Amino acid sequence: MRVAESACQFESKRGKTAVPLRSHLDVMPVHVLLEGTGPQIPAHLTRIPISLITTSTDVTDKIVKGKVVHKGPLVPLNNDSFILKMVIQEDSMLNSSSQNSSVNVVLFGSLAKNFSQSANQGVLRPVLPNPRSPPANKRRSPVSAELSSAKAPKYTYAKLDSLKAGSVVNVYGVVVFFKQPFKSRGTDFCSSLKITDHSNEKIGCTIFCEKLEDHPKIFRNGDIVRMHRVKAQVFNKSITLVNTFGFSVVTFDGVKGAPVEPRTSSRSFHFDPDDQRTVEELRSWAASQALFASVTSTVPLSAVQPKAYFDLTCQLLAKAPVDTTCTLLRVWDGTRCPHTLLKVIVEPHVTEGQLSFSKERENLIADVLVYDNHVEVARKLKPGVFLRIYNLRAIAGSSTVPGLTRSQLQVDHLAFHLHGGTSYGRGIGILPDNSPDVQELKRVIEAFQENDEEALSELNDSDLLEVWKTPPESLDGETLDCSTERSCGHDMQKVTLSEVKRSGLGRVHHVRAQLKAYEPHRLHEALKLYCSKCKSMQDVPDDELLESIFSEASKDCGPCSPPPWVLSGQVSLPRHAPGPSNRALTVYLLTQLMFEGKTKDVILLMGSTLEEMCQLMASYQNIIPVRASGGHLSLFDLSAPFLFRGRKRYYGCKRCSKAAVREQSWEGVEMIDEKIIAEALGIQPLQFILLMKLELQDATDTLDVFMWRHAESFFGVSAEDASANQEAQNSICQIMDSLCPPGGNVGQHPWLDLCLMAYQAEDDDGQTKTCYQVCHTTVVKPSSE
DNA sequence: GTTTAGGGTTGG
């Protein structure tokens, strides 16, 4: 049957609604008529009994009238439209013959949507004409005044021990296990839960929904769920429930005596006194049962036991990505953990939320590392949000954690890990502000915050005393020209170096100091190669070492059978090149690139000296040094650069690379650069960095700080450029000379405004000590003074 | 009217 340009009327809770509709269109508005006004059915329509409708009936300008005995779910279609099926049954008084008294009706688009929202099963009075032909019948449709007074039908709920495979049912249950929704491999998030009821049957449920808000809002075991339209299936010889079309779920707190407040994202849902009673009965029953002798339980930080798994209800204060598989969540619950807490060091500029806290507050903050699948969930969290972290693990003892330092060791500190996966319900759940647990948490936190402020004001008094003792030139006063400026945007007071040394757990400090000394003085010693994967650092090999590697390798350039995807050839060195005249070197060209006219983009070069290699750089964009090893083409040992590109040399990490000459498709590659080549060769590239130790001085003390991560922005020069470019090198040297003039009096050195970050690191003896790094600071160029 | 997952910890 086609539903087309027509009108549909029905009674709703708000009154009578007339929905003009047009087939396949969603543009018609809904008109809500006041109670008591009659349905306005166009005069040309004629009512016919449903029993007379056949597939060959001409239903032009005909209407039917009846009660909605089935209202299907609103089903979204791909094109943002909807479809809804209903069954209309004719009033029995008009249809004494019992045959064919009902008809299936399919609604489309906004009509389906409006119908779904406004109409209840049993109270609907639709009219179904066909508008295709012009009005023919002038007879007024016999709209009856007596509307159906049938009540909305009650939902029936299946007991969990009576589920039949294949049936679609509604159920109530007490949650005995649950996982927070997690991303499935398909299109949806998946919730996994297990419920039980008076029958004591425990039934696993799997809920797939694309939207998180449509998932059951379960916060703890004992919560009560009511699910509509779940399908019983057999899996592993047990009945399980899976959501099916029209699924909806409402969750209630399982605490006996608590208000029965439904948690749901459904815009409207059925709830009557019977539901109220069911929830209360389940609560009472559950309270008398040992339903979940749970492995984990909600524990405040003050009661955390090392090695234990537990659920933590807390507030998120700040977060920071540590690496791609790990994110740091800084949380608190207002209680103090009796164990020393491990502090993870991250850079301030990647931190979201408050960067530093008073010492008192810092003692209450737990650093939680969340891994793998939880990283994506953590990404969406905003500082301030209340969380429950499920199946968190507290681990005591020395732990190596990812972070700024290469191996940061904090002995006997308690670390919190949310390991990857969802086993045992592992996950992060957001608690709504109105949940009783959050209300309770807020009370504890607010009490602390008052104390915190008192403590802070005391601290400020002592700071003031310190100020009096400090010589004026090292304080805020902006009376001095500074050669550096901060770009961090932290809003904090400057402190003296002696205060920095005393401030223990503080993370970021602003200081004004002079550069007393620094090392190394020779720039090439400050240049290092750093592996972002294994965090190792090494010196850049000097030319002497490279020359010997090349000369050693040139002895291995005997006969070699190249792979089929290269063409071997000879290349002559430029005439002015030193060394044996007319010396020709073996090169290998990549046939695929030759076909694309990019012959000179990449070549493999065999048997050259370092100097010859450099000569050839004028003619080729990328040269990969190779040698013959056992008659096969192979790469150099990674002590040497794997690639020469312009004046730059690129190195790979010996530990993290699986280097080999192998075929690679260059199709679609716009620009062949060091990254693409490293990837093609299975090389983990090393990054050039600058590393210096600076000795700072102010009126109160001296302090050694490192310049590393932020060295490039400090100097305005990239370390990679500094590795190859004389101009970049000069720039760095000139800056250091101006900040710390050779031979001068330290008192006359320029003052520097610096942002320092403190972190824990292990020294050579395995001792943990506090180190400092210059961050978010740049040199003020002379031109801008 | 499709798919996803189908509880059960070791590990940064």
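Naming convention: chains lettered A, B, ... in sequence-line order (proteins, then strands); numbering from 1 in each chain. Nothing here was measured: the structure is a model prediction, and the numbers come from that model.
Between A:Tyr172 and A:Met227, the closest side-chain pair of non-hydrogen atoms is not below 4.5 Å.
When heavy atoms are screened at a 4.0 angstrom cut-off, A:Thr187 is found touching base atoms of the nucleic acid. Base engagement by A:Lys194 is indicated by at least one non-hydrogen atom pair under 4.0 Å involving a base atom.
Dashed line: the shortest gap from a side-chain N or O of A:Lys179 to OP1 or OP2 of B:dG8 is under 4.0 Å. A sub-4.0 Å separation between OP1 or OP2 of B:dA5 and a side-chain N or O of A:Ser184 is absent. One finds no side-chain N or O of A:Tyr309 lying less than 4.0 angstrom from the OP1 or OP2 phosphate oxygen of B:dT9.
B:dG6 and B:dT10 have their P atoms separated by 15 Å, given to the nearest Å.
Between A:Lys211 atom NZ and B:dT4 atom C1' the separation is 18 Å, expressed in whole Å. The distance between atom CG of A:Asp311 and atom C1' of B:dG7, rounded to the nearest whole Å, is 14 Å. Rounded to an integer number of Å, the gap from CG of A:Asn391 to C1' of B:dT10 is 11 Å. As a whole-Å value, the separation of A:Phe247 CZ from B:dG1 P is 21 Å. Rounded to whole angstrom, the span from the CD1 atom of A:Ile239 across to the P atom of B:dG6 amounts to 18 Å. Rounded to an integer number of Å, the gap from CG of A:Leu328 to C1' of B:dG12 is 14 Å. Rounded to a whole Å, the CG atom of A:Asp188 is 15 Å from the C1' atom of B:dG6. In this structure, CG of A:Asp372 is placed 13 Å from C1' of B:dT9, rounded to the nearest angstrom.
The 12-atom threshold is not exceeded at NZ of A:Lys231, counting heavy atoms of other residues, nucleotides or ligands nearer than 6.0 Å.
Side-chain atoms of A:Asp323 and base atoms of B:dG12 include no donor and acceptor less than 3.5 Å apart. Not a single donor-acceptor contact under 3.5 angstrom links the side-chain atoms of A:Arg185 to the base of B:dG6. Judged by distance alone, with hydrogens and angles left aside, A:Arg393 brings no side-chain donor or acceptor close enough to the base of B:dT9 to form a pair under 3.5 Å.
By the rule that a glycosidic angle within 90° of 0 means syn, B:dG8 counts as syn.
The nucleotide whose nearest atom lies closest to any side-chain atom of A:Cys190 is, among B:dA5, B:dG12, B:dG6, B:dA5. Considering only the side chain of A:His419, B:dG11 comes nearest among B:dG11, B:dA5, B:dT2. The listed nucleotides are B:dG6, B:dG11, B:dG7; the one nearest the side chain of A:Phe177 is B:dG7.
In this structure, the ring of A:Tyr155 has its center less than 6.0 angstrom from the ring center of A:His228. For A:His349 and A:His710, the distance between ring centers is under 6.0 angstrom.
Both geometric conditions, a ring-centre gap below 5.5 Å and a plane tilt below 30°, are not fulfilled together for A:Phe208 over the base of B:dA5. In this structure, A:Tyr424 forms no aromatic stack with the base of B:dG8, since the conditions of centre separation below 5.5 Å and plane angle below 30° are not both met.
Taking the side-chain hydrogen bond (donor to acceptor under 3.5 Å, both in side chains) definition, one finds that A:Asp253 meets it with nothing, sequence neighbours left out. The ring pair (Phe, Tyr, Trp, His ring centres under 6.0 Å) check on A:Phe252 picks up A:Phe271, with sequence neighbours excluded.
Heavy-atom distances to DNA chain B give each of A:Gly421 and A:Val242 a nearest nucleotide, and the one nearer the 5′ end belongs to A:Val242.
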